[in-house]
Peer 1: 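Take this structure, written in structure tokens, and hold onto it; I'll ask about it next.
Order of appearance sets the numbers: ligands from 1, and atoms from 1 within every ligand. What you see is a predicted model; the values in this text were computed from it and never measured.
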Amino acid sequence: MVPRSVAACQTSTWKQELAEAYRHADDLIAALGLRRDQIPDLDPEPPGFRILVPRAFAALMTPGDPHDPLLRQVLPLCTERRSVSGFVPDPVGDATADLGNGLLRKYQGRALLLATGACALHCRYCFRRHFPYSSLGPVADRTAGALSRIAADTRISEVILSGGDPLMLNDDALDALIQRLGDIPHIRRLRIHTRLPVVIPSRVTEALCDLLAAARPAVLVVIHANHPRELGLEAQTSLLRMHRAGLRILNQSVLLQGVNDRAETLQALSVRLFDCGTLPYYLHQLDPVQGASHFEVPDGHALELVETLRRELPGYLVPRLVREMAGAESKIPLVAIGSRSI
Ligand SMILES: *Cc1c(COP(=O)(O)O)cnc(C)c1O
Ligand code: SF4
């Protein structure tokens with residue numbers, strides 16, 4: 001039997017779910033049966049980057065567990081306010097890579113367009129948590145500039161829609177953007193970096209799948225899940241819907257202390273991803289963004305974890321452990337640099 005709450009979720013639209021998302025820490029912890037004194041470091045009114053958690057995502061947390069790995073990703077803590085050496089507002093050099101209009105160019109052949117500043121979930125470790133999205137203006141106003149820049153540079157063969165989360169755009173806006181990218185002959189691939197299929201699975205409607213599957217250039221979807229429990233039944237249904245529509249789906253994770261820094265967790269995540277028609281792509285070492293130092297996992301431990309995965313899993317279920325470094329020509333595989341100090 002389908003539980004009533006699931007049936008209700010299926011009939012409501014993703015925008016309603018977004019409107020009903022938790023925006024206050026007290027509401028979220030009360031829904032989980034927790035009290036403030038069980039989370040002594042809780043910061044109920046974080047400056048700048050507020051709490052945002054859709055109910056479908058909160059429903060995957062374990063009630064009564066203040067250390068739940070999904071809760072840890074979204075719960076603002078006072079420790080975020082501490083300034084920690086090396087942890088900075090723009091750890092990956094986005095500001096210098098911005099060609100204007102939110103078009104970031106770091107790597108050969110690829111350009112990344114910040115399609116919107118909005119997300120459906122606020123991840124406390126986000127490397128763009130301090131990005132000045134409001135200074136970018138609405139995507140419709142920027143698109144013309146960004147598109148003519150892309151059209152003028154035949155070396156760009158792939159455009160990555162990122163943000164924020166590009167699936168926060170409605171279907172019409174997304175369709176219009178994709179059509180205009182499709183008009184540029186040298187664009188062969190379009191990548192969509194999104195957490196929505198995980199945090200509001202109802203965003204993945206048949207209409208969206210049809211739109212993406214029919215698009216030219218070919219679309220690759222890269223989702224973001226860090227823990228196997230994020231991929232509940234609804235997320236699985238949505239991912240398999242995209243998979244059946246013929247879309248290729250990859251996942252990227254961030255290695256996070258207290259969330260997924262155990263080999264069993266990462267192993268279960270890879271296995272679960274496969275069951276959702278999705279392959280692991282990157283496992284990112286944390287970008288040292290101001291306010292996220294409590295998530296850091298030492299490189300030595302990260303390498304051990306991936307060694308274990310390599311022993312336990314088929315090669316295609318082992319994500320590539322990488323770090324992003326400002327000014328580098330690609331993401332850097334961790335094996336190659338060995339330690340943080342380089
Ligand atoms: C991560 C990133 C990409 C994509 O890199 P891949 O290694 O191709 O996944 C492209 N552009 C920017 C600005 C990025 O940060
Ligand atoms: S969904 Fe992605 S861009 Fe949005 S807050 Fe989370 S990590 Fe940042």
Peer 1: Given Ile187, which partner from the list Ile150, Thr154, Leu147 fulfils the side-chain contact (heavy atoms from CB on, under 4.5 Å) test?
Peer 2: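 Among Ile150, Thr154, Leu147, the one meeting side-chain contact (heavy atoms from CB on, under 4.5 Å) with Ile187 is Ile150.
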Peer 1: Enter the distance from Leu113:CG to Arg142:CZ here, rounded to the nearest 0.5 Å.
Peer 2: 6.0 Å
Peer 1: What protein heavy atom sits nearest atom 2 (Fe) of ligand 2, and how far off is it?
Peer 2: His224 ND1, 4.1 Å
Peer 1: For Val199, which part has a heavy atom under 4.0 Å from ligand 2: side chain, backbone, both, or neither?
Peer 2: neither
Peer 1: Go through ligand 1 atom by atom and flag the ones less than 4.0 Å from a non-hydrogen atom of Tyr282.
Peer 2: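 With Tyr282 as reference, the close atoms of ligand 1 come out as 6 (P), 7 (O), 9 (O).
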Peer 1: Pick out which of Met61, His122, Glu230 makes a side-chain contact (heavy atoms from CB on, under 4.5 Å) with Gln73.
Peer 2: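 Answer to the side-chain contact (heavy atoms from CB on, under 4.5 Å) test with Gln73 among Met61, His122, Glu230: Glu230.
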Peer 1: Hey, is Arg105 touching ligand 1 through its side chain, its backbone, both or neither, going by heavy atoms under 4.0 Å?
Peer 2: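 Near ligand 1, Arg105 shows nothing, with every heavy atom at 4.0 Å or more.
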Peer 1: Could you tell me how the ring of His284 sits relative to the ring of Tyr282: parallel (under 30°), tilted (30 to 60°) or perpendicular (over 60°)?
Peer 2: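 Answer is perpendicular, since the angle exceeds 60°.
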Peer 1: Going by heavy-atom distance to atom 14 (C) of ligand 1, choose the closest among Lys331, Lys106, Arg110, Glu324.
Peer 2: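 Nearest option to atom 14 (C) of ligand 1, by heavy atoms: Lys331.
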Peer 1: Give yes if a backbone or side-chain nitrogen or oxygen of Arg191 is under 3.5 Å from a nitrogen or oxygen of ligand 1, and no if not.
Peer 2: yes
Peer 1: Could you name all protein N, O or S atoms found under 2.8 Å from atom 8 (Fe) of ligand 2?
Peer 2: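 The answer, once waters are left aside, is Cys126 SG.
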Peer 1: With heavy-atom distances below 4.5 Å as the criterion, would you say the side chains of Leu231 and Thr278 are in contact?
Peer 2: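 Leu231 vs Thr278: side chains apart.
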Peer 1: Taking atom 10 (C) of ligand 1 as the point of reference, which of Ile160, Val92, Val222 owns the nearest heavy atom?
Peer 2: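 Heavy atom nearest to atom 10 (C) of ligand 1 belongs to Ile160.
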Peer 1: Is the cationic atom of Arg55 (NZ for Lys, CZ for Arg) positioned less than 6.0 Å from the six-membered ring centroid of Tyr22 and within 45 degrees of its normal?
Peer 2: yes
Peer 1: Does a side-chain heavy-atom distance below 4.5 Å link Gln290 with Val88?
Peer 2: no
Peer 1: Provide the closest heavy-atom pair for Leu71 versus Pro66 in the form atom of the first, atom of the second, distance.
Peer 2: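 Heavy atoms only, the tightest pair is CD2-O, 3.8 Å.
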Peer 1: Tell me, which protein residue and heavy-atom name are nearest atom 12 (C) of ligand 1, and how many Å apart are they?
Peer 2: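 For atom 12 (C) of ligand 1, the nearest protein heavy atom is Leu112 CD1, 3.6 Å.
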Peer 1: Got Asp275 and Gln236 here, is their nearest side-chain heavy-atom distance under 4.5 Å?
Peer 2: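 Asp275 vs Gln236: side chains touch.
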Peer 1: Rounded to the nearest 0.5 Å, what separates atom CD1 in Ile39 from atom NE2 in His67?
Peer 2: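 Answer rounded to 0.5 Å: 9.0 Å.
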Peer 1: Do any N/O atoms on Tyr281 end up under 3.5 angstrom from N/O atoms on ligand 1?
Peer 2: yes
